[in-house]
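What you see is a predicted model; the values in this text were computed from it and never measured. Below, chains carry the letters A, B, ... as their sequence lines are ordered, and counting in each starts from 1.
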2 protein chains.
Amino acid sequence: MNVLRKVENQTLHARVYQELRNAIIRGHFAPGEVVTIRRLATELGTSVMPVREAIHRLISERAIEMQGSRSMRIAMLTREKIEDLIRVRSIIEPEAVYLAAGRIGEDDILELEVLNRKLMRAIKHGDVDDKLLANRAFHFAVYEIAASPMLLQVIDSLWLQSGPYLQSLFASADRFHEELGTEFINDELIEAFRKGDAGLARRIREKDIRVSAEWYLNHLDE
Amino acid sequence: MNVLRKVENQTLHARVYQELRNAIIRGHFAPGEVVTIRRLATELGTSVMPVREAIHRLISERAIEMQGSRSMRIAMLTREKIEDLIRVRSIIEPEAVYLAAGRIGEDDILELEVLNRKLMRAIKHGDVDDKLLANRAFHFAVYEIAASPMLLQVIDSLWLQSGPYLQSLFASADRFHEELGTEFINDELIEAFRKGDAGLARRIREKDIRVSAEWYLNHLDE
DNA sequence: GCCCCTGATATGTGATCACATATCTTGTTC
DNA sequence: GAACAAGATATGTGATCACATATCAGGGGC
């Protein structure tokens with residue numbers, strides 16, 4: 001049996017990219033927070049080079065914004081941008097669910113039930129980090145089943161940009177599930193998968209995205 | 001009156017990125033062609049630094065593939081990848097058309113008619129470059145009307161990856177329009193816009209993407 | 001004549017340096 | 001005491017260098 005840990009094989013800038021990306025997704029940076037290459041390099045213990053490449057990639061993915069010519073900040077989500085993101089997500093993700101419903105197998109469904117239980121446990125007892133990770137794990141497991149690398153890439157990019165929004169949403173996940181009665185919406189989704197009703201599954205996911213966003217936008221002023 | 005040309009203000013790596021991106025979209029690189037940073041830097045007359053950043057961005061956008069740890073090539077489109085791209089494009093782009101139909105104005109329609117005439121002229125008399133540019137101009141004009149930056153970004157990324165496919169398709173554009181009788185499909189689209197029939201416009205665009213792809217895939221063996 | 005080994009070349013990556021300029025600090029003047 | 005200007009600092013960008021290693025060529029052994 002091999003007891004060696006898998007050696008860290010990626011290039012440094014790839015690791016820095018993953019590190020920053022995860023930090024952004026988990027909301028470890030405040031939206032609008034100014035980042036500088038040299039500061040991040042110091043914190044990560046590297047030179048500026050890998051950080052430069054990672055940052056530029058995140059800028060091209062719109063997770064970081066170039067302000068002037070010499071100032072970069074974590075992307076801010078205006079109400080307008082959130083509405084746009086949600087509009088696009090409610091087009092694409094339900095369609096991915098529809099595709100997944102056409103290819104899903106019994107073992108996939110069992111796997112989804114496990115992930116959903118983890119998610120519900122995280123929402124009940126976990127911190128925001130747990131909730132976000134469990135939520136991502138569940139939905140990306142669904143999207144993986146759709147077996148479309150392109151779709152997965154697109155959705156991944158949209159979720160990266162949704163980071164701060166999801167962060168806020170799941171910070172009060174129990175409250176909004178309670179108010180909307182959507183606590184068991186993923187169970188409904190799984191049930192639709194089991195019945196083989198792809199259209200229903202699509203509608204459920206669309207409703208989930210839309211209703212959550214409406215609730216969030218209505219409570220934005222608070 | 002200011003007679004000065006607008007000074008080239010962007011950073012060098014941004015310009016290199018645009019240069020390479022355009023070259024890929026226009027098919028100036030062969031799919032699978034090996035590219036090296038140093039060679040491109042020499043050709044472009046810069047050091048390796050700007051090229052590095054541009055290349056890494058194109059890799060993250062899947063226009064360039066990292067083969068081993070030390071070899072990069074222009075992305076190749078397998079039949080499988082094309083099918084996936086088309087599947088995703090037939091989901092997203094008709095939806096963008098649907099959104100555009102709900103916001104389009106008479107002046108937009110006039111503009112589209114101009115662009116469509118240019119496209120048809122390019123297909124009749126232009127070279128592949130002209131056809132590709134005119135086609136892109138027409139459809140992106142439609143997508144701009146949808147007024148969704150996110151959607152535009154997603155579609156842009158899909159078109160970048162479709163580069164070699166579109167290149168082949170438009171190389172025989174007149175032939176496939178003749179065989180399929182789709183020469184006036186954009187006129188139909190504009191007509192649907194004029195009637196305010198968003199659903200029809202969506203169906204037309206969906207059919208356009210699907211039928212073109214089927215024709216192309218059927219002729220792939222030749 | 002074919003295969004494998006070894007040295008040479010090529011290549012991506014990371015670090016450091018140089019530079020222009022945006023941003024902040026501080027001191028001076030009214 | 002406040003406003004503005006000049007110097008200092010910080011920062012992104014581009015070039016160059018160093019290095020590990022992948023890739024290739026040529027020669028030697030069987």
Exercise for the section: Look at the side-chain N and O atoms of A:His13 and state whether any lies under 4.0 Å from the OP1 or OP2 oxygen of C:dG12. Expected result: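 No.
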
Handout entry: D:dG12 phosphate, OP1 or OP2, under 4.0 Å from A:His56 side-chain N/O
Key =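 No, because none of the side-chain N or O atoms of A:His56 sits under 4.0 Å from OP1 or OP2 of D:dG12.
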
Practice task
Would you verify whether the NZ or CZ of B:Arg21 falls within 45 degrees of the ring axis of B:Tyr17 while also being under 6.0 Å from that six-membered ring's centre?
Solution key: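 Because its charged atom misses either the 6.0 Å distance or the 45° angle limit, B:Arg21 does not stack over B:Tyr17.
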
Problem - Test side chain to side chain donor-acceptor pair (under 3.5 Å) applied to B:Tyr143 and B:Glu93, step by step - result: CA-CA 8 Å; B:Tyr143 300 146; B:Glu93 293 183 40; 2.6 Å; yes

Practice task
Please work out whether the ring planes of B:Phe176 and B:Trp215 are parallel, tilted or perpendicular, with thresholds of 30° and 60°.
Solution key: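 Because their plane-to-plane angle lies in the 30° to 60° range, the rings of B:Phe176 and B:Trp215 count as tilted.
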
Exercise for the section: Could you check whether the rings of A:Tyr216 and A:Tyr165 sit parallel, tilted or perpendicular, using 30° and 60° as the cut-offs? Expected result: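 Perpendicular: the ring planes of A:Tyr216 and A:Tyr165 meet at over 60°.
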
Exercise for the section: Could you check which of C:dA15, D:dA18, D:dA15 has an atom nearest any side-chain atom of B:Thr46? Expected result: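 Among the listed nucleotides, the one closest to the side chain of B:Thr46 is D:dA15.
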
Problem - Shortest side-chain distance from A:Arg70, nucleotide among C:dG12, D:dA15, D:dT11 - result: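 So the side chain of A:Arg70 is nearest to D:dT11.
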
[N] [atom2] sits how many Å from [X] [atom1], rounded?
X       : N      : atom1 : atom2 : value
A:Gln67 : C:dT21 : CD    : P     : 20 Å
B:Arg39 : C:dT9  : CZ    : C1'   : 17 Å
B:Leu40 : C:dG12 : CG    : C1'   : 13 Å
B:Glu65 : C:dG12 : CD    : C1'   : 17 Å
B:Arg73 : C:dG12 : CZ    : C1'   : 16 Å
B:Ile59 : C:dT11 : CD1   : C1'   : 13 Å
B:Leu12 : D:dT16 : CG    : P     : 12 Å
A:Ile37 : D:dG14 : CD1   : C1'   : 12 Å

Practice task
Report, as yes or no, whether the 6.0 Å neighbourhood of atom CD on A:Glu43 holds more than 12 heavy atoms from other residues, nucleotides or ligands.
Solution key: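 Buried by this count: over 12 neighbours within 6.0 Å.
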
Practice task
Under 4.0 Å between any heavy atoms, over every strand shown, what does B:Val16 touch: base, sugar-phosphate, or nothing? Just pick one.
Solution key: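 Nothing: the residue B:Val16, judged by heavy atoms under 4.0 Å, touches no strand.
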
Exercise for the section: Could you tell me whether A:Val35 contacts a base, only the sugar-phosphate backbone, or nothing, with contacts defined as non-hydrogen atoms closer than 4.0 Å? Expected result: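 It contacts sugar-phosphate atoms only.
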
Exercise for the section: Select from B:Met49 and B:Ser71 the residue whose nearest nucleotide in DNA chain C is closer to the 5' end of that strand. Expected result: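 Its nearest nucleotide being more 5', the pick is B:Ser71.
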
Problem - Nearest-nucleotide comparison on DNA chain C, the residue closer to the 5′ end among A:Val48 and B:Met66 - result: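 Closer to the 5' end of DNA chain C: B:Met66.
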
Exercise for the section: Please state whether the base of C:dG14 and the side chain of A:Arg52 form at least one donor-acceptor pair under 3.5 Å? Expected result: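 Answer no: no donor N or O sits under 3.5 Å from an acceptor.
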
